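Here is the structure we will look at.
Because only heavy atoms are used, hydrogens play no part in the values below, and waters and symmetry mates are left out as well, while side chains stay in. Everything quoted here is computed from the prediction, not taken from an experiment.
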Amino acid sequence: MDWHQLISNKRLGQEDRHVERHDDRSEFKRDSDRLLFSAPFRRLQNKTQVFPLPGSVFVHNRLTHSLEVSSVGMSLGNDIARLLTKKHPELRDTLFEEIGSIVAAACLAHDMGNPPFGHSGERAIQTFFTEGPGARLRDAVSENFWSDITHFEGNANAFRLLAHRFKGRREGGFVLTYSTLASIVKYPHTSTMAGKKGKFGFFHTEEGLFRKIASDLGLRLIEENPSGVRFARHPLVYVVEAADDICYEIMDIEDAHKLKILSFEETSDLLLGFFPLEVREKMGRRIIEEGITDRNEQVVYMRASVIGLLEHECAEAFANNEEAILLGEFGGSLIDHVSPAVHEAYKRCEKVSRSRIYNSKPVLDVELSGYKIIETLMEKMTDAVVNPDRYYSQQLINRVSSQYDIVSSDFETRLMAVIDYIRHLAADNIGG
């Protein structure tokens, strides 16, 4: 794969106007603007990140998380551009120098396809078809469609949301640039190629769109057979992923301290564990010198220091592994390739998060209630499209936005419209 081809400001749905564009804003900045001002992005404010919403203590929701990921992604992209233009002077004064803006835009979009209640909502949709009432529909749909809905993925749904032409929308959906769209597809293959993990990047209905983008950008085709297709990741996917990894892990630690799930001593031990002893001592003196006596503010200072360190380490990891990334042979995430001491500290945070945060009672309560709510919505709405002539079915169908083709003559289209509708709901709309 080649940087000159990988970075493209061509817009999906407006390819014929590509050579005519003259705008003072970067095309990638326009991507960010379109996302920031969109209704699906605003809905993220009422979708849980980890902890219940609302509460007396402000913690992160999907909106604040996405904004923070975008900020870190911008820094990461800019630092990588700086490192690689030193290594490859021919990349100077090209679109490559705008990769910070591309990553920032992709980070804004990375969670937009998630249903309410996050992974619990995803699992509720999946198991409705594999274990619940939806299992009876197995013979009513195609193999590819069944694979898509039984592996339902927020990642694939984000690409659909941004690229699909819903009713009343223009060709190309959000009409984003090819590079921004490719940078959000963490698993660039169809559900039929997902394997045991079940992760995939685009539904079969959008496979043609992704193929078009991948071909134009020169993404490496890894595998293709009658059941599906698999491409190598666009290199900037690793940068978006790293920004997300940094923010959710470290910010969840801070939120857990605010909610008194972790004590100050436990929190500071985790955050200071990223640094050698002499740096910890220097940080301690700085906190005293600046008069930071509030413990929440001390955690903020330590958290900011950790994010800065991880951002620097991930930028270095990308630059050091550029060749493998461009060959499509890079294994793992950028976090897996930071220095051993920093990686060990990150894994320690992960371990504590799994045992103390993600399995805490408030979080489990959200997951359990969210699962039941999504399951009930799926059951009622699916029954409505199976039996559309019933009175109650008509009442439910009339609640669905006209952009979702829930009255289509094609059953798969109607069923996908149900999923599209439930995905767009914010948690406050449905009692979450």
Side-chain angles (χ1 to χ4, degrees), residues 13 38-44 46-47 112-117 121-130 132-154 156-174 191 202-209 370-432:
S38 71
F41 187 76
R42 290 194 298 275
R43 291 190 191 107
L44 294 175
N46 289 313
K47 292 186 178 181
M112 284 175 63
N114 286 2
F117 309 105
E122 286 179 331
R123 285 190 287 271
I125 293 171
Q126 294 166 6
T127 57
F128 173 78
F129 295 107
T130 57
R136 71 181 188 276
L137 303 175
R138 174 67 185 85
D139 295 331
V141 299
S142 66
E143 290 283 343
N144 286 344
F145 187 82
W146 186 252
S147 179
D148 283 349
I149 60 178
T150 55
H151 293 89
F152 178 83
E153 255 287 326
N157 210 36
F159 185 77
R160 174 177 171 81
L161 171 67
L162 298 173
H164 184 76
R165 187 178 190 178
F166 292 97
K167 288 182 67 178
R169 295 267 293 275
R170 56 183 169 173
E171 187 72 33
F174 274 60
S191 61
F202 43 88
F203 296 111
H204 281 87
T205 46
E206 284 73 57
E207 180 183 343
L209 293 176
Y371 186 95
K372 188 61 179 177
I373 290 167
I374 298 296
E375 179 186 54
T376 302
L377 282 170
M378 285 296 300
E379 182 174 358
K380 298 300 183 185
M381 295 300 300
T382 298
D383 185 64
V385 299
V386 171
N387 303 289
D389 295 329
R390 295 176 179 174
Y391 172 77
Y392 188 61
S393 297
Q394 284 296 312
Q395 297 297 91
L396 288 174
I397 288 170
N398 288 337
R399 288 279 294 119
V400 178
S401 169
S402 61
Q403 69 177 298
Y404 306 125
D405 197 2
I406 202 164
V407 294
S408 170
S409 59
D410 178 70
F411 178 62
E412 289 186 3
T413 300
R414 298 202 305 273
L415 192 53
M416 197 65 200
V418 167
I419 297 173
D420 287 330
Y421 173 66
I422 291 174
R423 180 268 310 153
H424 100 274
L425 292 172
D428 66 337
N429 296 138
I430 55 179

Exercise for the section: Using a 4.5 Å cut-off on heavy atoms from C-beta on, say whether the side chain of Phe203 contacts that of His164. Expected result: no

Handout entry: Exam field: side chain Gln126 to backbone Phe152, donor-acceptor pair closer than 3.5 Å
Key = yes

Problem - For Ala158, side-chain contact (heavy atoms from CB on, under 4.5 Å) partners two or more places apart - result: Ile184

Exercise for the section: Answer yes or no: is there a donor N or O on one side and an acceptor on the other, between the side chain of Arg165 and the main chain of Arg169, under 3.5 Å? Expected result: yes

Handout entry: Main-chain N/O of Lys372 paired with Thr376 side-chain donor or acceptor, under 3.5 Å
Key = yes

Problem - Flag side-chain contact, heavy atom, 4.5 Å: Ile125 against Ile374 - result: yes

Exercise for the section: Please confirm whether the backbone N or O of Thr150 pairs with a side-chain atom of Thr130, one donor and one acceptor, at under 3.5 Å? Expected result: no

Practice task
Please answer whether the main-chain N or O of Pro133 pairs with a side-chain N or O of Glu379 as donor and acceptor at a distance below 3.5 Å.
Solution key: no

Completion exercise
Residues Met112 and Pro40: closest non-hydrogen pair is CE-CB, 3.6 Å

Practice task
Indicate yes or no: at least one non-hydrogen side-chain atom of Glu375 is less than 4.5 angstrom from one of Thr127.
Solution key: no

Practice task
Taking salt bridge (charged side-chain N to carboxylate O under 4.0 Å, His left out) as the test, write out the residues that go with Arg390, two or more places apart.
Solution key: Asp383

Handout entry: Closest contact, heavy atoms only, Ala384 versus Ser393
Key = CA-OG, 3.4 Å

Practice task
Indicate yes or no: at least one non-hydrogen side-chain atom of Leu137 is less than 4.5 angstrom from one of Ile149.
Solution key: no

Handout entry: Contact check, side chains of Ile406 and Met381, non-hydrogen atoms, under 4.5 Å
Key = yes

Let me check something: any side-chain donor-acceptor pairs from residues 396-404 under 3.5 Å, sequence neighbours excluded? List them with distances.
| from | atom 1 | to | atom 2 | distance (Å) |
| --- | --- | --- | --- | --- |
| Asn398 | ND2 | Gln394 | O | 3.1 |
| Ser401 | OG | Gln403 | N | 3.3 |

Practice task
Mark yes or no for whether Asp148, through its side chain, and His204, through its backbone, hold a donor-acceptor pair below 3.5 Å.
Solution key: yes

Fill in the blank from the handout: Of all heavy-atom pairs linking Asn114 and Gly154, the shortest is OD1-CA, 3.4 Å

Exercise for the section: Step through the shown structure and confirm whether more than 12 heavy atoms of other residues, nucleotides or ligands are within 6.0 Å of CZ on Phe411. Expected result: yes

Problem - Backbone of Phe159 reached by a side-chain donor or acceptor of Glu206 within 3.5 Å - result: no

